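Keep in mind that this is a model prediction, so the values were computed, not measured.
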Amino acid sequence: WIIEESRIRGGYNNTSTDYGVKAYLVEDDNDQSILDNKLIYSGVYNSTTSFNETNVFSIAENITKSLDPANGSIQKIYAENTNLIILQENKISGALIDKDAIYSAEGQPITTSSQKEVIGQITPYLGEYGISKDPDSFAVFGFRKYFTDRYRNAVLRLSRDGITEISEYGMRDYFRDQLAVSGEIIGGYDVFNKNYVLTLGNPSKTVVFDDMINGWVSFVDYVPQLSTSSKGQYYTFKNNAVWLHYTGSVYNNFYGVQYNSSVDFVFNPQPTRTKTFTTINYTGSNGWEVSNIVSDYTGVDTNPQQPALGDTTHT
C-alpha cells in the first residue's frame, strides 16, 4: 500500500481512502492452541441493515462455553428449534439457546428468557454414549436423531425418550464385530421408506433400520459416499454424481450395476415352535421361483429313529 496511491488517480490533494478499522494484537506466544471441548460465538449479523459482526469476538463479554474435557472433543453440533445438541466423543448434551434454566425446589427446570445468554444451560443426556469420531454417521428425521458410537459398539437413536441403543434389536453381535474394524461410517435417512441407512466400510456394506418395527430389516447392495433426503425423495452420491432412488421400472440397479435379490431365512431348530417373520417385505415383479434351497451343515444323526414294523409313517 503506497500512500500516494491511496488518492483517487494518484493526484495531489485528491480524495483519499484509508485503511479502515484494523485489528492489531501483540502476541508473544503465537503457537496454535486447539480448544476442542469449547464453544465460542461471535457478534450478530443482520442482513436487513447490513450489520455484520461475525468477525468480532469481544474478550470483554462471556462468549465461550466449556464442556467436560474428559468426554473428548466436540464432533458435531445440531440446532433443533431453540435448542442445541452437542455430540462429543463420549457424551451427548443439550444446550439452551437465548434462554437459561433455573430449577425449582423439586429439581424441575424452569425455562426463562435471557438477553445475555446466547448459549444457556448445558445438560447431558442420560447414558454413557457419544458419537466417537464418526460425525458422518449422524442422520436426522423429525425429532429422531441417529448416529453410531464405535467406542461402545453401538448404533444409537436420540429421541424424546432419550438415547436408545437400536443395535440391540437383533444385531448386537453384528455391530460389535463390524464397528470395531469399520473404516468410514456414513449415515443417512431414507424419507421414502422411513429408514435409517447406515453404510460401514472395510469391507463396505449397507444396513437399514426401520422405526415402524424397531428392527434392522435388510442389507442392501449399494454403498453410497453420502446419502440424504429432500422433498420426499431419497438421494445418494456416488462417483461424482447424484442418484435418485425408487424411480423407473428396473429394480436392483445401483449406480449402473445390476444386482440380484436373495432372501436368507433363519429356521428355528425347534420345529414344534411356531415361527413368525414380521420383517419380510417384497417389492418387484411377479413370477419368482425357488431354484434351490441350501442348508448349513449341522451334523449326522447317529441314531435315527426307525419306524416300527408295519408302521406306515414315512420320513
**OP:** Could you give me the CA-CA distance, side-chain angles and deciding distance for Glu80 and Lys145, then say whether salt bridge (Lys or Arg N to Asp or Glu O under 4.0 Å) is met?
**Re:** CA-CA 11 Å; Glu80 182 180 46; Lys145 277 72 65 176; 2.7 Å; yes
Subject >> Spatial distance of atom CZ (Phe138) from atom CD1 (Ile85) [nearest 0.5 Å] >> reply: 6.0 Å
Original post:
How long is the gap from CZ on Phe254 to CG on Asp221, to the nearest 0.5 Å?
Top reply: 6.5 Å
Original post:
Excluding sequence neighbours, so at least two apart, what forms side-chain hydrogen bond (donor to acceptor under 3.5 Å, both in side chains) with Asp149?
Top reply: Ser132, Arg152
**OP:** Can you sort out the partners of Ser137 under side-chain hydrogen bond (donor to acceptor under 3.5 Å, both in side chains), two or more places apart, ordered by chain and number?
**Re:** Thr148
Subject >> Between Thr236 and Tyr255: side-chain donor-acceptor atoms closer than 3.5 Å >> reply: yes
Original post:
Do we see a donor-acceptor contact under 3.5 Å between the side chains of Asp211 and Tyr196?
Top reply: no
**OP:** For residues Phe219 and Tyr174, establish whether the separation of their ring centroids is below 6.0 Å.
**Re:** yes
Original post:
Hey, do the aromatic rings of Phe192 and Tyr234 have their centres closer than 6.0 Å?
Top reply: no
**OP:** Give the intermediate values and the outcome of salt bridge (Lys or Arg N to Asp or Glu O under 4.0 Å) for residues Arg150 and Asp134.
**Re:** CA-CA 8 Å; Arg150 76 163 72 213; Asp134 300 295; 2.8 Å; yes
**OP:** Test Trp216 against Ile166 for side chain to side chain contact (heavy atoms under 4.5 Å, CB included), laying out the working first.
**Re:** CA-CA 9 Å; Trp216 297 89; Ile166 59 176; 4.0 Å; yes
**OP:** Report the C-alpha separation of Ile86 and Leu67 in whole Å, then their side-chain angles, then the decisive distance to 0.1 Å, and conclude whether the side chain to side chain contact (heavy atoms under 4.5 Å, CB included) test is met.
**Re:** CA-CA 9 Å; Ile86 306 169; Leu67 287 87; 3.8 Å; yes
Original post:
Out of Thr49, Thr54, Asn55, which residue meets the side chain to side chain donor-acceptor pair (under 3.5 Å) rule with Asn52?
Top reply: Thr54
Subject >> Residues that, via side-chain heavy atoms closer than 4.5 angstrom, fall in one hydrophobic cluster with Phe51 >> reply: Val44
Subject >> Pairing residues for Phe237 by the side chain to side chain contact (heavy atoms under 4.5 Å, CB included) criterion, not counting sequence neighbours >> reply: Leu226, Thr228, Val242
**OP:** Just jot down the side chain to side chain contact (heavy atoms under 4.5 Å, CB included) partners of Lys91, sequence neighbours excluded, or say none.
**Re:** Asn71, Gln88, Ser93, Pro124, Glu128
Subject >> CA sep, side-chain torsions, deciding dist, call: Leu158, Arg144, side chain to side chain contact (heavy atoms under 4.5 Å, CB included) >> reply: CA-CA 6 Å; Leu158 174 61; Arg144 295 188 178 104; over 6 Å; no
**OP:** Kindly determine whether Glu89 and Ile131 satisfy side chain to side chain contact (heavy atoms under 4.5 Å, CB included), including the steps that lead there.
**Re:** CA-CA 5 Å; Glu89 293 180 48; Ile131 198 173; over 6 Å; no
Original post:
How would you list, by chain and number, every residue that makes a salt bridge (Lys or Arg N to Asp or Glu O under 4.0 Å) with Glu168, sequence neighbours excluded?
Top reply: Arg172
Original post:
Just by modelled atom types, is the Tyr189 backbone N or O under 3.5 Å from a matching donor or acceptor in the Ser229 side chain?
Top reply: yes
